[in-house]
Amino acid sequence: MKRTIDTLEKRISDAMAAAAGRSDCAAIVRLSTDPKFGDYQANGVMALAKKIKTNPRKLAEQVVSNLDIADICEPPEIAGPGFINLRLKSDFITGRLLQINADVENRLGIEKEAQPRTIVVDFSCPNIAKQMHVGHLRSTVIGDCICRMLEFLGHNVIRQNHIGDWGLQMGMVVQAIETACFNLTSNDKYLLSLLSENPQKWENESLKRIDLNLEQLESLYIKTNKALEIGHPDFEERIRRLLVGLQHGETGCLIFWSKARDITLKECQRMYNLLNVTLTGKDIRGESFYKDDLHEVVDKLLKSKIAEKSEGAVCVFPDGFKNKEGQRLPFIVQKSDSAYLYATTDLAAIRYRINELKADKIVYVTDARQKLHFEMLFATARMAKWVGDDIELSHVMFGSVLGDDGAPLKTRSGENVKLKELLDEAVERAKAVVEEKNPNLPADKKQKIAEAVGIGAVKYADYSNNRTSDYVFSFDKMLAMDGNTAPYMQYAYARIKSIERKAQTKDVDIATELAGLERLDLTELAELELAKYLIRYGEAIDAAVSDYRPNYLTAYLYELAQKFSAFYTNCPVLDAGPDKRPTRLLLCDLTARTIKHGLSELLGIEVVEQM
RNA sequence: GCGCCCGUAGCUCAGUUGGAUAGAGCAACGGAUUUCUAAUCCGUAGGUCGCAGGUUCGAGUCCUGCCGGGCGUGCCA
């Protein structure tokens with residue numbers, strides 16, 4: 001089932017082309033700004049009239065006379081300076097609803113993309129030896145939604161969790177694990193003896209016994225970091241040696257590193273499961289994966305004269321980038337101490353994604369502060385001809401999560417707020433609300449509802465904000481029952497489910513009433529409004545996915561829930577007469593399916609049967 | 001200094017290649033519950049879209065300048 005707006009766009013554009021005798025015509029069909037203008041409006045005639053220097057209203061008349069859309073709309077009306085106003089026929093609306101109802105694939109009548117692409121999405125990207133914190137929330141959640149939407153439309157999505165598991169800090173990570181082993185050894189005679197006699201065996205033995213969780217590892221890492229900052233030359237030298245050892249693949253260093261990686265990834269996976277994010281172990285492809293390609297990246301850039309030595313470092317100077325003195329700005333791919341950095345890794349990753357993963361598009365979901373980095377990265381990759389003109393590189397950026405004070409969200413002591421603590425508190429608060437509103441539910445149900453609502457609220461708040469702007473984090477707002485929040489959406493869904501449960505006690509067989517449904521009765525305004533909105537779901541997804549903006553989807557879902565709530569208060573369902581009831585049951589069913597699909601399939605937010 | 005992002009109702013924010021009278025939610029005020037979950041609905045009030053120019057049939061949206069804020073700006077990611 002084609003999207004209505006696309007069909008209208010095509011037909012009107014064609015009619016414009018016929019009227020104007022040229023091919024570059026765009027109807028620019030949009031939702032009407034006001035119900036009195038109908039459902040859709042075409043804005044393109046005025047621009048075209050200007051281009052071909054003619055009277056826009058006359059042109060509009062010509063276009064309309066060429067136009068055959070009687071299967072969809074009432075006769076179009078020309079208004080104002082040259083708008084074409086379109087009102088959907090009620091037959092068309094009911095036809096669509098029935099088609100959605102009959103969709104056996106449960107896709108709510110939404111078609112897959114005619115030309116599926118291979119799209120790599122790079123997101124989440126936690127770091128080794130660090131707990132996920134609020135800074136990872138947006139990338140993880142928005143990236144996941146983008147993947148889900150693209151996949152639903154039939155694209156081949158390849159998730160890439162580009163974790164920070166290589167580079168400068170790894171010396172300290174190795175040191176941290178080693179410290180943990182020493183701590184273990186200090187009161188263990190056997191390990192003590194091994195330490196002097198057989199260091200290799202000591203490493204294996206102590207690692208086997210070590211039982212660190214990520215929190216403990218992180219705290220060791222932080223201590224190491226602090227010790228380094230204070231500045232002991234010996235210690236500094238030791239960390240540097242560990243880093244070099246790791247980079248040269250010394251087994252001792254590698255097994256410590258690998259242990260830290262395992263501890264970290266295990267905990268991250270817990271977070272993904274808790275967040276209902278689709279990432280798994282197979283999506284992990286961190287910086288370390290590219291470590292052996294870095295030399296070649298720099299070498300190729302140097303050989304092709306794209307990179308040059310400057311102040312000891314190897315730099316690329318892409319066109320159009322200037323520094324503060326107005327001189328060309330470097331994209332450093334190798335430091336003067338010959339170490340590689342994230343620019344190098346990112347270039348290696350681009351090559352891998354295009355050559356091995358066969359990406360048509362690569363989408364990076366990272367915060368807005370990295371904008372310049374990605375602009376230079378893309379420019380460099382294109383200069384090197386590693387990325388063809390037919391391949392799209394997108395930096396999907398987002399703003400920061402702020403605290404009440406307007407500064408990036410931190411704890412009182414100035415640390416990043418841990419994601420786990422944030423989610424725990426959200427669930428805790430949601431639980432208090434469930435307890436208050438619905439104390440009679442069994443405890444396990446209350447817990448499930450609290451988890452769905454609490455975590456859903458955090459995610460939904462993130463989605464519903466325009467991703468490019470910063471937003472102020474507020475439990476009170478995201479858990480509010482009014483407004484564009486997860487609980488409001490979940491409540492609307494729960495109300496429909498409640499009707500369904502009630503139906504059984506009233507001997508109403510919903511399945512039977514919906515199965516043979518052929519005629520609908522949309523006489524009430526609230527019914528018609530809801531019906532029209534339901535058939536637009538595909539348009540909302542398209543808008544959200546084509547600009548990677550989940551807030552378009554949440555805005556649609558919210559409005560849908562509002563229209564449902566209006567319908568719910570005005571139109572009794574189960575007590576309606578036999579002529580009205582099937583239509584109303586269908587509206588309930590399709591609303592529930594749409595909300596569930598949007599929340600649970602596309603946003604990864606659980607719905608609940610009762611609240 | 002330069003670059004990027006932003007500035008919309010008291011607050012938080014939507015606003016889709018420039019479209020008709022700029023929209024929500026919160027807060028405020030008024031109303032609706034013998035009725036499928038009131039965790040709801042309906043209504044009222046609230047605006048110089050930072051300021052000043054410009055482009056045009058038409059600007060919150062595009063251009064220029066200014067004011068205010070955030071971020072970035074050669075060896076972190």
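First the proteins, then the strands, lettered A, B, ... as listed; each starts at 1. Reckoned from all heavy atoms, side chains included, excluding hydrogens, waters and symmetry mates.
- Proximity of A:R30 to the phosphate of B:rU17: a side-chain N or O atom is located under 4.0 Å from OP1 or OP2.
- As rounded to the nearest Å, B:rU73 and B:rU16 have C1' atoms that lie 32 Å from one another.
- Defined by atom type and a distance below 3.5 Å, a donor-acceptor pair is missing between the side-chain atoms of A:D542 and A:Y552.
- OP1 or OP2 of B:rA20 sits under 4.0 Å from a side-chain N or O of A:T33.
- With a cut-off of 3.5 Å on both pairing distances, the Watson-Crick or G-U wobble partner of B:rU44 is B:rA28.
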Chi angles and distances behind the salt bridge (Lys or Arg N to Asp or Glu O under 4.0 Å) call for A:E500, A:K497: CA-CA 5 Å; A:E500 291 175 7; A:K497 290 292 141 180; 3.1 Å; yes
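- Which of B:rC57, B:rU35, B:rU37 sits closest to the side chain of A:P81 comes down to B:rC57.
- With both ends at atom P, the span from B:rA59 to B:rA52 equals 15 Å, rounded to whole Å.
- Applying the Watson-Crick and G-U wobble criteria (two distances, each under 3.5 Å), B:rG7 pairs with B:rC67.
- Residue contacts for A:A79: at a heavy-atom cut-off of 4.0 Å it reaches a base atom on one of the strands shown.
- B:rC76 atom P lies 13 Å from atom OH of A:Y221, rounded to whole Å.
- Atom name P, nucleotides B:rG50 and B:rG10: the rounded distance is 13 Å, in whole Å.
- Backbone-only engagement by A:K371 is indicated by non-hydrogen atom pairs under 4.0 Å involving sugar-phosphate atoms exclusively.
- Judged by Watson-Crick or G-U wobble contacts below 3.5 Å, the nucleotide B:rG60 has no partner.
- Taking atom C1' on both nucleotides, B:rU8 is separated from B:rG15 by 9 Å, rounded to a whole Å.
- With distances taken from any side-chain atom of A:L341 to the nucleotides B:rC76, B:rU40, B:rU37, the minimum falls on B:rC76.
- Proximity note for A:L168 (side chain, C-beta onward) versus B:rC76, B:rA77, B:rU37: the nearest is B:rC76.
- Between A:W166 and A:W257, the ring-plane angle classifies as perpendicular under the 30° and 60° cut-offs.
- A:A543 comes within 4.0 angstrom of a base, heavy atoms only.
- Using a 4.5 Å heavy-atom cutoff, the side chains of A:T468 and A:R549 are in contact.
- Using a 4.0 Å heavy-atom criterion, one finds that A:S336 contacts the bases of the nucleic acid, with or without backbone contacts as well.
- Between A:F83 and A:F37, the ring centre distance reaches or exceeds 6.0 Å.
- Nucleotide B:rA20: unpaired (no Watson-Crick or G-U wobble partner with both distances less than 3.5 Å).
- When heavy atoms are screened at a 4.0 angstrom cut-off, A:N551 is found touching the sugar-phosphate backbone but no base atom.
- Across all strands, A:A503 comes closer than 4.0 Å to no nucleic acid atom at all (heavy-atom distances).
- A donor-acceptor contact under 3.5 Å links the side chain of A:N85 to the base of B:rA20.
- In the interface, the side chain of A:S310 is paired with the base of B:rG74 through a donor and an acceptor atom under 3.5 Å apart.
- When heavy atoms are screened at a 4.0 angstrom cut-off, A:D34 is found touching no nucleic acid atom at all.
- Pairing for B:rU33 is absent, with no Watson-Crick or G-U wobble pair whose two atom distances lie under 3.5 Å.
- Classification of the A:F475-A:F473 ring pair by plane angle, with boundaries at 30° and 60°, yields perpendicular.
- Contact annotation: side chain of A:K50 to base of B:rG58, donor-acceptor pair present below 3.5 Å.
- Residue A:Y568 has its side chain nearest to B:rC36 when only B:rC41, B:rU17, B:rC36 are considered.
- Within the 4.0 angstrom heavy-atom criterion, base atoms lie near A:A313.
- Both A:R467 and A:K335 sit near RNA chain B, but only A:R467 has its closest nucleotide nearer the 5' end.
- Ring centers of A:F378 and A:H395: at least 6.0 Å apart, outside the cut-off.
- Between A:F567 and A:Y533, the ring center distance fails the sub-6.0 Å criterion.
- Remark: B:rA14 base-pairs with no nucleotide; criterion is Watson-Crick or G-U wobble with both hydrogen-bond distances under 3.5 Å.
- Among the nucleotides B:rU17, B:rC41, B:rG19, the one closest to any side-chain atom of A:A26 is B:rU17.
- Considering only side-chain atoms of A:L372, the nucleotide from B:rU73, B:rC42, B:rA77 that sits closest is B:rU73.
- Proximity of A:Q247 to A:K291: side-chain heavy atoms (C-beta onward) are nowhere separated by under 4.5 Å.
- Counted by atom type alone, A:N484 and A:Y460 present one or more donor-acceptor pairs between their side chains at under 3.5 Å.
- Counting any heavy atom pair closer than 4.0 Å across all strands shown, A:L31 reaches no nucleic acid atom.
- For A:Y488 and B:rG25, the shortest distance from a side-chain N or O to OP1 or OP2 is not below 4.0 Å.
- At least one side-chain nitrogen or oxygen of A:Q562 sits closer than 4.0 Å to the OP1 or OP2 atom of B:rG25.
- Put simply, A:Y552 has a side-chain N or O that comes within less than 4.0 Å of OP1 or OP2 on B:rG15.
- Look at A:F37 and the base of B:rA20; the rings stack, centres closer than 5.5 Å and planes less than 30° apart.
- Taking atom P on both nucleotides, B:rA9 is separated from B:rC2 by 29 Å, rounded to a whole Å.
- Contacts of A:D470 with the nucleic acid, taken as non-hydrogen atoms under 4.0 Å apart, involve only primed sugar atoms and P, OP1 or OP2.
- A close approach under 4.0 Å does occur between a side-chain nitrogen or oxygen of A:N466 and OP1 or OP2 of B:rG15.
- Across all strands, A:S498 comes closer than 4.0 Å to base atoms (heavy-atom distances).
- For A:Y491 and B:rA39, a side-chain-to-base donor-acceptor distance below 3.5 Å is absent, hydrogens and geometry of angles not being considered.
- When distances are taken from the side chain of A:Y471 to each of B:rC13, B:rU37, B:rA77, the shortest belongs to B:rC13.
- Side-chain proximity of A:R369 to the nucleotides B:rU37, B:rG72, B:rA20 is greatest for B:rG72.
- Base engagement by A:Q41 is indicated by at least one non-hydrogen atom pair under 4.0 Å involving a base atom.
- Other residues, nucleotides and ligands contribute over 12 non-hydrogen atoms within 6.0 Å of the NZ atom of A:K446.
- Here B:rA24 is the nucleotide among B:rC36, B:rC26, B:rA24 with the atom lying nearest to any side-chain atom of A:Y558.
- Checking B:rA24, B:rG19, B:rA39 against every side-chain atom of A:N43, the shortest atom distance belongs to B:rG19.
- Heavy-atom nearest nucleotides on RNA chain B were determined for A:Q169 and for A:I28, and the one closer to the 5' end corresponds to A:I28.
- Within 4.0 Å of A:C315, counting heavy atoms only, lies at least one base atom of the nucleic acid.
- To the nearest whole angstrom, the two C1' atoms, one in B:rU35 and one in B:rU17, are 49 Å apart.
- Using a 4.0 Å heavy-atom distance criterion, A:Q610 is classed as a base contact.
- Nucleotide B:rU73: paired with B:rG1 (Watson-Crick or G-U wobble, both distances less than 3.5 Å).
- Of the P atoms belonging to B:rA22 and B:rG60, the separation is 9 Å, rounded to the nearest Å.
- At least one side-chain nitrogen or oxygen of A:S469 sits closer than 4.0 Å to the OP1 or OP2 atom of B:rA14.
- Spacing between B:rA27 and B:rU12 at atom P, rounded to whole Å, works out to 15 Å.
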